[in-house]
Amino acid sequence: MSINTPGSRNLFQSLLKGAKTLSQLTQAHAQVILHGFQNDLSNVTKLAHKLSEFNDMNYARDLFSSVPKPDLFLFNVLIRGFSNNDMPHSSIFLYTHLRKRTYLKPDNFTYSFVISAAGSTCFDHRISALLHGHAIVDGYGDDMFVGAALVDLYFKFSCVEFARKVFDRICDRDTVLWNTMISGLLKNSCFEDSVLVFGDMVRNGGTRLNSTSVAAVLPAVAELQELRLGMEIQCLGLKLGFHDHVYVLTGLLSFYSKCGEIERAKSLFRDIGRPDLISCNAMISGYTCNGEIESSVRLFQELLASRERVNSSTIVGLIPVFYPLGHLQLTTCIHGFCLKSGIISNSSVSTALTTVYSRLDEIEAARQLFDESSEKSLASWNAMIAGYTQNGLTEEAISLFQKMQTSKVIPNPVTVTSILSACAQLGALSLGKWVHGLVKSRNFESNIYVSTALIDMYAKCGNIVEAQELFDLMPQKTEVTWNAMISGYGLHGHGQEALKLFSEMLHSGIQPSGVTFLSALYACSHAGLVKEGNEIFQSMIHDHGFEPLPEHYACMVDILGRAGQLEKALKFIKGLPVDPGPAVWGALLGACMIHKDTNLARVASEKLFELDPENVGYYVLLSNIYSAERRYPQAASVRQVVRKRKLAKTPGCTLIEVDGAPHVFTSGDRLHPQSTAIYSKLEELNGKMREAGFQTETITALHDVEEEEKELMVKVHSEKLAIAFGLITTEPGSEIRIIKNLRVCLDCHTATKFISKITGRIIVVRDANRFHHFKDGVCSCGDYW
DNA sequence: TTAGGGTTAG
């Protein structure tokens, strides 16, 4: 047969198809050119397809450029090739190129390929809407393949609702589409929904389950800690014949270890017989998160000794993220190994290490790791930002968030959750509102972490109504969501609302946690509800079988103490089944301060100096109590200790936002550009307040100086400066909101009541403990704080 | 199929 006969075309095709290496492929191509078949589209397409499998997209691109009139098939091969070879820009570029060709129209293959390219992290959510629109216009909006790609794309951008809408519209669903939905929901933390969709799939007999479906749902079941359900799924897998499938066995192993059933996990690991790297990784991680660190390290060493190479997952599973206490040494050791082996350059590994360091309070080590990592993934940024917020370094968190924005890294729900927490801690309402806008525009509202963090942010920034509205709108709530709302009410002194919500929560079948009881108890404390607090405490132990933690005991002391029942509080402490810790004695000391009980204060302080000698707050409290009783020599000697031991007192400061800009004041400071106006406003107010019968309260001032001098010092407490500033810079009649880092002092509290009456303003003060809403000379706390 | 980043009390 001559090489130029029509049959030779098939010969080239089989030559191309059979090429096992790039060089064989090149030789085949040379033959094609030699015989003048280079413009035969079918040859070129086959070649391009092969090239994309061999990861040589530059060669494929050159080939494509040499074709004068490419057809749709060739376009599709290239678009998919670029997408599969991590060249999403080229893929999308070619798609736009294709749309310009009037003789061609994209089909469902084109859309499914280009949509999968658009899921790359270098794009944002806007591209999804654009491509979705194109697909609908061309009549592929409800196509099964395009649908699966779209669902996947929306999940990648955390647009859960859009993914769901696309899924719901497609009547004809295949296994891949169902599986995409199950794992997409899982990746977006919608664990219940993921399990529900799996259930629908099982009931929908028309679509066959495969082993991927079973393996995909197991992590969601593990998150929900539904041990029984997992076992049922295991039985289902057995019935369908997936019991010896390594995918499924590994998934089950991981499921059981996450549910704390480490023995079952070990037995499954033995069943696997010849475990691959992935199942070993799952086992290592299982050992680690069940605290069996030694077994974990042993299996890791066995892996290293065998010829099997470890990968980043091995290391990440080995890092004891969940049991970090006391594991600094192991962490440094793993870190050392990662440096030596070069695996540190993997962003998953450095992210995991960043997290552990920050949980171990080694925030500088975490930051160094973050700074040194060459390739920062979204997760790396999130880990560092979360590390800061969890350690109370809120300003660092926000500044890193801003740096992330300038680095063009697009925040996801995880980022947003951490930033909202930082806003809540700081009381940064403007930034919080801005983030809320971002949440709306990106459709993150359905994310349960995000909406819970929003509720907490609004509650802590003083906007309890907004928090409540968001709470009421949430279709699904976790125990944490309820806790955030209960404690929000508590902070604002709305004790009854908090208790109503608490009982609603119990009736709705949500399991309360230790934090739930604590939130309810603090709500009682802020509202002076002694009887109710006591009932909740008893019910926690007897009806719900909770062993109280030191925090719960401390809260009970707080409730009794604030209500003035100091003797009862002391009796309660003496009757405790465990040694009372600093929190318990601290609560008693705080109560002694409110009710001016010097004798009991001394008892509490002595315990505290012993238990927590570095904490300067207790010295300050005791000294204040002595001053209040005019026992100045005693007060002075307490302060002497503070000075001698070089313990620093936290300076008081107050923040006020005007037109979105924060202004911070410290006691007596004259640094503000409008300082003169502020002080003269304060003078004017003082005059009016004296006329109205206000007398400066000095007893809680720290210093035992002359009365007159003391009066001067109290006058310029930071909250007063902030209020005066608020009065001169905001519209008459508008609300003034300030945030103080310490507990508000008695003098400022009384003065604020007067100011609210004189000026006709509502003044909202957030102090270290709670909110005070001042209106018409009265405070919402009922002078109870 | 494994692993890395998130919310609630004080």
Side-chain angles (χ1 to χ4, degrees), chain A residues 183 189 211-212 214-216 218-219 242 245-255 257-258 272 275-286 288-289 310-319 321 346-356 358 377-387 389-390 411-421 424 444 447-457 459-460 477-488 490-491 513-523 525 549-552 554-555 558 583 586-587 590 768-770:
Chain A
S183 63
S189 316
S211 56
T212 307
V214 174
L218 282 171
F242 307 144
H245 213 296
V246 182
Y247 279 30
V248 177
L249 285 172
T250 306
L252 282 167
L253 182 169
S254 177
F255 163 76
S257 63
K258 282 180 194 157
I272 293 177
D276 61 1
L277 179 59
I278 292 177
S279 35
C280 288
N281 289 350
M283 196 64 238
I284 287 177
S285 157
T288 308
C289 67
V310 300
N311 65 10
S312 63
S313 304
T314 323
I315 305 293
V316 174
L318 187 63
I319 298 171
V321 176
N346 181 293
S347 88
S348 310
V349 171
S350 69
T351 303
L353 282 168
T354 305
T355 304
V356 186
S358 72
S377 66
L378 180 55
S380 329
W381 287 92
N382 288 344
M384 198 59 232
I385 292 173
T389 45
Q390 287 162 359
N412 73 348
V414 178
T415 329
V416 163
T417 305
S418 287
I419 288 302
L420 284 172
S421 165
F444 292 163
N447 183 298
I448 218 145
Y449 286 93
V450 170
S451 40
T452 303
L454 271 172
I455 289 171
D456 182 54
M457 183 277 289
K460 292 215 178 96
K477 301 173 180 89
T478 63
E479 163 248 327
V480 179
T481 319
W482 289 86
N483 294 350
M485 196 63 228
I486 292 170
S487 71
L491 273 181
S513 69
V515 175
T516 312
F517 287 105
L518 211 52
S519 308
L521 288 173
Y522 270 107
S525 156
L549 296 170
E551 296 94 309
H552 295 103
C555 196
D558 192 62
N769 278 341
R770 60 167 296 152

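- Side-chain nitrogen and oxygen atoms of A:Lys460 include at least one within less than 4.0 Å of the OP1 or OP2 phosphate oxygen of B:dA9.
- If you measure from atom CD1 of A:Ile486 to atom P of B:dT7, you get 19 Å, rounded to the nearest angstrom.
- In this structure the side chain of A:Ser513 reaches within 4.5 angstrom of the side chain of A:Thr516, judged on heavy atoms.
- Taking 4.0 angstrom as the limit, A:Gln390 places none of its side-chain polar atoms (N or O) nearer than this to OP1 or OP2 of B:dG5.
- Checked by distance alone, A:Ser519 brings no side-chain donor or acceptor within 3.5 Å of a matching partner on the base of B:dA9.
- Out of B:dT7, B:dT8, B:dG4, the shortest distance to the side chain of A:Ser347 is found at B:dG4.
- Using a 4.0 Å heavy-atom criterion, one finds that A:Val515 contacts the bases of the nucleic acid, with or without backbone contacts as well.
- Every ring pair (Phe, Tyr, Trp, His ring centres under 6.0 Å) that A:Phe517 has, sequence neighbours left out, goes to A:Phe502, A:His544, A:Phe546.
- Among the nucleotides B:dT2, B:dT7, B:dA3, the one closest to any side-chain atom of A:Asp456 is B:dT7.
- Residues A:Thr354 and A:Ser380 have side chains not in contact (no heavy-atom distance under 4.5 Å, counting atoms from C-beta outward).
- A sub-4.0 Å separation between OP1 or OP2 of B:dA3 and a side-chain N or O of A:Lys258 is present.
- Distance from the side chain of A:Thr351 is smallest for B:dG5 among the nucleotides B:dA3, B:dT8, B:dG5.
- Here A:Asn447 lies in heavy-atom contact (under 4.0 Å) with a base.
- Judged by distance alone, the side chains of A:Thr452 and A:Thr481 do bring a donor and an acceptor atom under 3.5 Å apart.
- Closest approach to the A:Ala453 side chain among B:dA9, B:dT7, B:dG5 is made by B:dT7 (side chain taken as heavy atoms from C-beta onward).
- One finds a side-chain N or O of A:Ser421 lying less than 4.0 angstrom from the OP1 or OP2 phosphate oxygen of B:dT8.
- Side-chain atoms of A:Thr354 and base atoms of B:dG5 include no donor and acceptor less than 3.5 Å apart.
- Distances shorter than 4.0 Å separate some side-chain N or O of A:Ser254 from OP1 or OP2 on B:dA3.
- Counting only heavy atoms from C-beta on, A:Thr389 has its side chain closest to B:dT7 among B:dT7, B:dT1, B:dG10.
- If you take OH on A:Tyr247 and CD1 on A:Ile278, they are separated by 7.0 Å, rounding to the nearest 0.5 Å.
- Contacts of A:Val349 with the nucleic acid, taken as non-hydrogen atoms under 4.0 Å apart, are absent.
- When the nucleotides B:dT8, B:dT7, B:dG5 are ranked by their closest atom to the side chain of A:Asn483, B:dT8 comes out on top.
- Once the 5.5 Å centre distance and the 30° plane angle are applied, the aromatic ring of A:Tyr247 is found stacked with the base of B:dT1.
- When the nucleotides B:dG4, B:dA3, B:dT8 are ranked by their closest atom to the side chain of A:Ser487, B:dT8 comes out on top.
- When distances run from any side-chain atom of A:Glu551 to the nucleotides B:dA9, B:dT7, B:dT1, the shortest one goes to B:dA9.
- With distances taken from any side-chain atom of A:Thr452 to the nucleotides B:dA9, B:dA3, B:dT7, the minimum falls on B:dT7.
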